[in-house]
Protein chains: 2
Amino acid sequence: MKPLRLFHYNSSMEKEIFRDFLSRKGLKLTKERQKILDEVFTLHGHFDPEGLLERLRRREAKVSKASVYRTLPLLVQCGLVEQVERDGKHARYEHTFGHGHHDHLICVKCGRVIEVFSPKLEAIQDDLCRESKFNGITHTLEIKGYCQSCERCCLSSPQ
Amino acid sequence: MKPLRLFHYNSSMEKEIFRDFLSRKGLKLTKERQKILDEVFTLHGHFDPEGLLERLRRREAKVSKASVYRTLPLLVQCGLVEQVERDGKHARYEHTFGHGHHDHLICVKCGRVIEVFSPKLEAIQDDLCRESKFNGITHTLEIKGYCQSCERCCLSSPQ
DNA sequence: ATGGGTGCAAATTGTTTGCAACTTA
DNA sequence: TAAGTTGCAAACAATTTGCACCCAT
């Protein structure tokens with residue numbers, strides 16, 4: 001993990017990671033998988049399969065919906081992408097490599113997402129895992145509530 | 001909130017809370033809603049709409065699938081139930097009243113769920129919200145990894 | 001060349017909804 | 001009795017899958 005930080009961020013690193021992962025499982029790095037990987041790391045922030053597909057279409061990239069749905073779990077499995085929220089029916093993802101781990105404050109009124117990070121919080125989670133003899137790999141923390149502007153303008157509205 | 005702790009836990013309290021919530025919104029406490037509420041507080045642990053419906057059927061309770069799906073959001077809205085995980089397609093819930101807030105360590109190998117709680121962690125979350133001027137209402141923390149027994153026996157198996 | 005991968009369209013499946021009849025406040 | 005609620009079945013929408021052809025390794 002450490003050495004990576006010494007280099008200038010290189011956009012082909014995630015491709016190498018993905019390729020390694022695939023070959024270790026006897027799978028292939030096809031053009032479609034590459035296009036999907038590129039798009040995921042080009043866009044910053046969260047995305048859902050639908051939106052990703054749309055972005056791919058808006059460029060040249062001809063990738064089918066099925067391939068998007070088949071590739072996302074692979075990206076999650078090899079740790080390049082995380083599933084961050086599943087509100088209603090939509091699964092939402094974000095890429096994690098070169099992005100840094102963080103948690104989310106989600107406004108239930110306007111949907112805004114604020115990214116936060118606290119080393120102390122990470123440390124306490126390690127403690128919790130240790131106490132339960134649990135080998136924690138990843139975690140998701142989502143705090144739902146009201147962001148500043150919704151708090152200000154909608155205080156007394158119903159719901 | 002305080003007075004409740006002074007009494008021995010009384011199974012009708014959640015009913016009162018639900019009734020109050022409903023009447024405040026001009027809704028009614030129907031037999032179906034009561035049966036659903038009872039079942040949710042009878043079962044301990046997590047559940048999904050499907051499983052809840054099955055349990056209801058296994059007793060006398062004639063409640064339709066539609067009513068289950070229509071009632072669960074109400075229970076969430078009034079704070080008696082929380083949505084805790086959404087893995088694959090299934091939404092999972094648990095009741096919170098008389099149960100105490102806690103977070104989850106989820107084993108990705110065997111699916112076991114360990115409940116944990118840390119006041120320090122809660123406090124740090126409050127800090128995070130304050131820094132972002134965010135009014136946090138609820139939160140969900142899920143740490144995924146390997147529980148002790150899966151760690152022991154499956155260390156080198158693929159995936 | 002061979003085994004995995006793709007696109008398409010059809011199938012699945014969890015969840016939502018329209019509606020006529022029924023209950024609760 | 002007025003307004004919300006139910007059950008049913010049909011509608012939806014996100015995701016998955018079968019299959020014939022295609023392409024990395």
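Just so it is clear: chains get the letters A, B, ... in the order the sequence lines come, proteins before strands, and each one is counted from 1. Nothing here was measured: the structure is a model prediction, and the numbers come from that model.
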**Q** Separation of A:Leu22 atom CG from C:dT6 atom P, in whole Å?
**A**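 Distance check: A:Leu22 CG to C:dT6 P gives 10 Å.
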
**Q** With distance as the sole criterion, is a donor-acceptor pair present between the side chains of B:His90 and B:Glu50 under 3.5 Å?
**A**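 No - no donor-acceptor pair under 3.5 Å links their side chains.
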
**Q** Tabulate below the donor-acceptor pairs under 3.5 Å that side-chain atoms of residues 66-76 of chain B make, not counting sequence neighbours, or state none.
**A**
unit_1, atom_1, unit_2, atom_2, d
B:Ser67, OG, B:Ser64, OG, 3.3
B:Thr71, OG1, B:Ser67, O, 2.7

**Q** Identify all pairs in which a protein N or O lies below 3.5 Å from an N or O of nucleotides 23-25 of chain C, and state each distance.
**A**
unit_1, atom_1, unit_2, atom_2, d
C:dT24, O2, B:Lys28, NZ, 2.9

**Q** Any side-chain heavy atom of A:His101 within less than 4.5 Å of one from A:Glu122?
**A**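 With C-beta onward as the side chain, the pair touches.
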
**Q** Can you give the first and last nucleotides of DNA chain D, 5' to 3', that have an atom under 4.0 Å from a heavy atom of chain B?
**A**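 Range of nucleotides touched by chain B: D:dA3 to D:dC8.
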
**Q** If the helix axis at each end comes from five base pairs, how far does the helix from C:dA1-D:dT25 to C:dA25-D:dT1 deviate from straight, to 10°?
**A**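 Rounded to the nearest 10 degrees, the bend comes out at 50°.
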
**Q** Under the ring pair (Phe, Tyr, Trp, His ring centres under 6.0 Å) test, which residues partner B:His104, sequence neighbours left out?
**A**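 Scan of B:His104 (ring pair (Phe, Tyr, Trp, His ring centres under 6.0 Å), adjacent residues dropped) gives B:His46, B:His102.
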
**Q** Can you sort out the partners of A:Asp20 under salt bridge (charged side-chain N to carboxylate O under 4.0 Å, His left out), two or more places apart, ordered by chain and number?
**A**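 A:Asp20: no salt bridge (charged side-chain N to carboxylate O under 4.0 Å, His left out) contacts found.
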
**Q** List the atom pairs, donor and acceptor, that lie under 3.5 Å between side-chain atoms in residues 26-35 of chain A and the rest of the protein, sequence neighbours left out.
**A**
unit_1, atom_1, unit_2, atom_2, d
A:Thr30, OG1, A:Arg33, N, 3.2
A:Arg33, NH1, A:Lys28, O, 2.6
A:Gln34, OE1, A:Lys15, NZ, 3.1

**Q** Less than 4.0 angstrom from a charged side-chain N to a carboxylate O is my criterion; do A:Arg59 and A:Glu39 meet it?
**A**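 A:Glu39 and A:Arg59: salt-bridged.
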
**Q** List for me each residue that meets side-chain contact (heavy atoms from CB on, under 4.5 Å) alongside B:Arg57, sequence neighbours excluded, and say none if there are none.
**A**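 B:Leu53.
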
**Q** Apart from A:Val116 itself, which Ile, Leu, Val, Met, Phe, Trp or Tyr residues share its cluster (side-chain heavy atoms under 4.5 Å, direct or through members)?
**A**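 Listed partners: A:Leu105, A:Ile114, A:Leu121, A:Ile124, A:Leu128, A:Phe134, A:Leu141, A:Ile143, B:Leu105, B:Ile114, B:Val116, B:Leu121, B:Ile124, B:Leu128, B:Phe134, B:Leu141, B:Ile143.
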
**Q** State plainly whether one hydrophobic cluster holds both A:Ile17 and A:Leu43, where clusters connect Ile, Leu, Val, Met, Phe, Trp and Tyr through side-chain heavy atoms under 4.5 angstrom apart.
**A**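 Same cluster: A:Ile17 reaches A:Leu43 through Ile, Leu, Val, Met, Phe, Trp or Tyr contacts under 4.5 Å.
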
**Q** Among all residues two or more places apart in sequence or in another chain, which pass the salt bridge (charged side-chain N to carboxylate O under 4.0 Å, His left out) test with A:Asp103?
**A**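 With sequence neighbours excluded, A:Asp103 shows a salt bridge (charged side-chain N to carboxylate O under 4.0 Å, His left out) to no residue whatsoever.
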
**Q** For the pair made of CG in B:Leu74 and P in C:dT16, what is the distance, rounded to whole Å?
**A**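 So the CG-P distance, B:Leu74 to C:dT16, works out to 12 Å.
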
**Q** Below 4.0 angstrom, which residues in residues 62-73 of chain A have at least one non-hydrogen atom near DNA chain D?
**A**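 Listed by number, they are A:Lys65, A:Ala66, A:Tyr69, A:Arg70.
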
**Q** Does B:Glu54 have any side chain to side chain donor-acceptor pair (under 3.5 Å) partners at least two apart in sequence or in another chain, and if so, which?
**A**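 Partners of B:Glu54 by the side chain to side chain donor-acceptor pair (under 3.5 Å) criterion, ordered by chain and then number, come out as B:Arg58.
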
**Q** Measure up the A:Phe47 and A:Tyr93 rings against each other and bin them: parallel (under 30°), tilted (30 to 60°), perpendicular (over 60°).
**A**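 Rings of A:Phe47 and A:Tyr93: parallel, under 30°.
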
